[in-house]
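Here's the structure, in structure tokens; my notes come after.
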Amino acid sequence: MDKNPSTIELHLPSRLGYEKIAMNTAASAARLMGFTDERIEDLKTAIAEACINAMEHGNKFDESLRVGVILSMSEDSLEVKVLDTGSGAQQRTVAPDIDRKMHEEEQARGMGMFLIQSLVDEAEWVSSPRTGSYARMVIHLHHTND
Amino acid sequence: MDKNPSTIELHLPSRLGYEKIAMNTAASAARLMGFTDERIEDLKTAIAEACINAMEHGNKFDESLRVGVILSMSEDSLEVKVLDTGSGAQQRTVAPDIDRKMHEEEQARGMGMFLIQSLVDEAEWVSSPRTGSYARMVIHLHHTND
Amino acid sequence: MQEKGTQVKLDEVQCSSGTPITVIRFAGDITSVSQAAVLGTYQGLPESAKRILLDFSRVEYLNSSGIALVIQMMIAASKHGQTIKTFGLTPHFQKVFTMVGITKYTSLHPDEQTACAAFSE
Amino acid sequence: MQEKGTQVKLDEVQCSSGTPITVIRFAGDITSVSQAAVLGTYQGLPESAKRILLDFSRVEYLNSSGIALVIQMMIAASKHGQTIKTFGLTPHFQKVFTMVGITKYTSLHPDEQTACAAFSE
Ligand SMILES: Nc1ncnc2c1ncn2[C@@H]1O[C@H](COP(=O)(O)OP(=O)(O)O)[C@@H](O)[C@H]1O
Ligand SMILES: Nc1ncnc2c1ncn2[C@@H]1O[C@H](COP(=O)(O)OP(=O)(O)O)[C@@H](O)[C@H]1O
């Protein structure tokens, strides 16, 4: 376990619906740090999508496998890692093409990674089949653009 | 780590204020289970008090020591264990005596364990210096009285 | 126990234009388990329902799987020559719908009146 | 960063009775770090303030250490012959105050008007 005093760890079963617990845990950490409600909404959606992906693609909905959520709070940013036991996301984030979706040339679903990427300040996916793969998201307290 | 699919684990640094994260994590688990807002408020206060005691009395506010919060969801009850690294609460829960407090014959503070006991359906304190001590609280979905 | 589910209510309203508008009012969660609530409800509408209004004002939680179901409804509606407008999304989800590009095929309105009026434009 | 702290605002209101009432309006958190906000504010009141009203309606978080500070204020007030009434506690915290027995030394009211009026009884 990470011994950094400002690290919070959450472990959830891979069951749809439980991502809400991660959303609310992260939201209260972000609120303690002083993030605005708008940024907290962004973070909640990003974390929900990362948890659902970890449950579905990483842990194949095996409820006995856990999704880890590690929140690291620093002076001006909040980093969230969402870990699963799978081999990680291989593909790059692709923006959804709504025209192609409407013409059924691409699946209606498949927007999770794009939303994560769009909603947080930094996002990356790390594949390390040995120790578990993770999505890493960061939001900054004082970000210049939006 | 407990492998029960309906167990959620949270680990927090021993820093005042962080009990709010435990309150909100537990509240969202209780909400998923269908508890009423009133019961969720009761649980939140009980968990806040247990976390503060774990930080203060158990971990002596050493921020590198963690407070563990284990939420176990069953069909009709939610059990919450709040763990610290200390030797546990020795004294029995005493109800505050407001007259003695007002006459300064007892400290103004010292109501945490009483509130925990009063607000949840089951409460106990287990001292096991080897593996860490804990406060254990249970709320039932269909409780008969109250 | 763990899935709150979607509640759906169907309404018919008449705006200034006089043409009846079918309102699908969602409440609760819209997620991957909302297939019946979203697509099932749509499929149950009569062919005559040409103007459809989606009311999100009581939705508590919406994720990308839920949005995918809304897109599938929009695909079906576009095949049937139906128009879909929406209202009641929080500013956050208005942003999310815009990011995804849905706003190219439906319009987002702050409330029922504005949405309703937009049908007659 | 992690402690939201207590915000305090002092007001003087006049009820039907005409006697001025000092209102201490709390907002944010009342916890162990609220010593100055609770006791410091009380100590800063003039001796002439005999009727004190505590407004909890904008308090977001209250724990047993915060309640202990309220009790300490009540002890000091009782020594100075001051009367304290409170309003704006949520039903949950009304229950908690009642459990602890504080209601023997102060009365809890739903809103400012009712609390204010109770001073002239
Ligand atoms: N945690 C993960 N582990 C393995 N693969 C992943 C993970 N997250 C995402 N992926 C891969 O990336 C793809 C795109 O994910 P996403 O954009 O969230 O859409 P969707 O989950 O609807 O397919 C997934 O279909 C999956 O193949
Ligand atoms: N987790 C714990 N570890 C060790 N001692 C504890 C713990 N929780 C409570 N206690 C003991 O029980 C006493 C009463 O606790 P409480 O009723 O919460 O009031 P307070 O914390 O204000 O003293 C504490 O002073 C402490 O001695």
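Lettering of chains follows the sequences in order, A, B, ..., and the numbering in each one begins at 1. Keep in mind the model is a prediction, meaning the values are calculated, not measured.
Separation of atoms NZ (A/Lys44) and OH (C/Tyr61) is listed at 10.0 Å; rounding is to 0.5 Å. Remark: A/Leu16 CG to C/Ser32 OG distance equals 5.0 Å, nearest 0.5 Å. Taken to the nearest 0.5 Å, the CG atom of A/Asn53 stands 7.0 Å off from the OG atom of C/Ser64. Put simply, CG on A/Asp42 and NE2 on C/His92 are 5.5 Å apart, with the number rounded to the nearest 0.5 Å. Taken from OG1 in C/Thr103 to CD1 in A/Ile98, the straight-line distance is 8.5 Å, to the nearest 0.5 Å. C/Lys104 NZ to A/Asp99 CG: the interatomic distance, rounded to the nearest 0.5 Å, is 3.0 Å.
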| query | Would C/Val96 and A/Met111 satisfy side-chain contact (heavy atoms from CB on, under 4.5 Å), going step by step from the backbone distance to the final call? | reply | CA-CA 10 Å; C/Val96 167; A/Met111 299 172 283; over 6 Å; no
Let's go through C/Val100 and A/Leu115 carefully: what are the C-alpha distance in whole Å and the side-chain angles of both, what is the deciding distance for side-chain contact (heavy atoms from CB on, under 4.5 Å) to 0.1 Å, and is it a yes or a no? CA-CA 8 Å; C/Val100 168; A/Leu115 285 179; 4.0 Å; yes
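Identified by a heavy-atom distance below 4.5 Å to chain C, the contributing residues of residues 102-109 of chain A are A/Met102, A/His103, A/Glu104, A/Ala108, A/Arg109, in residue-number order.
Shortest non-hydrogen contact noted between C/Asn63 and A/Glu19 is ND2-OE2, 4.0 Å.
Heavy atoms closer than 4.5 Å to chain A are found nowhere in C/Leu69, neither backbone nor side chain. The parts of C/Ile102 that come within reach of chain A are both its backbone and its side chain, each placing non-hydrogen atoms under 4.5 angstrom from that chain. For chain C, the nearby parts of A/Glu41 are the backbone and the side chain; heavy atoms of each come within less than 4.5 Å. Interface remark: A/Asp37 contributes no atoms to any contact with chain C (heavy atom separation under 4.5 Å).
Salt-bridge annotation for A/Glu38 and C/Lys95: present, with a side-chain N of the basic residue lying under 4.0 Å from a carboxylate O of the acidic one.
Heavy atoms from other residues, nucleotides or ligands lying under 6.0 Å from CD of C/Gln113 number 12 at most. Other residues, nucleotides and ligands contribute more than 12 heavy atoms inside 6.0 Å of the CZ atom of A/Arg100.
Contacts of C/Lys85 classified as side-chain hydrogen bond (donor to acceptor under 3.5 Å, both in side chains), with partners at least two apart in sequence or in another chain: C/Ser107.
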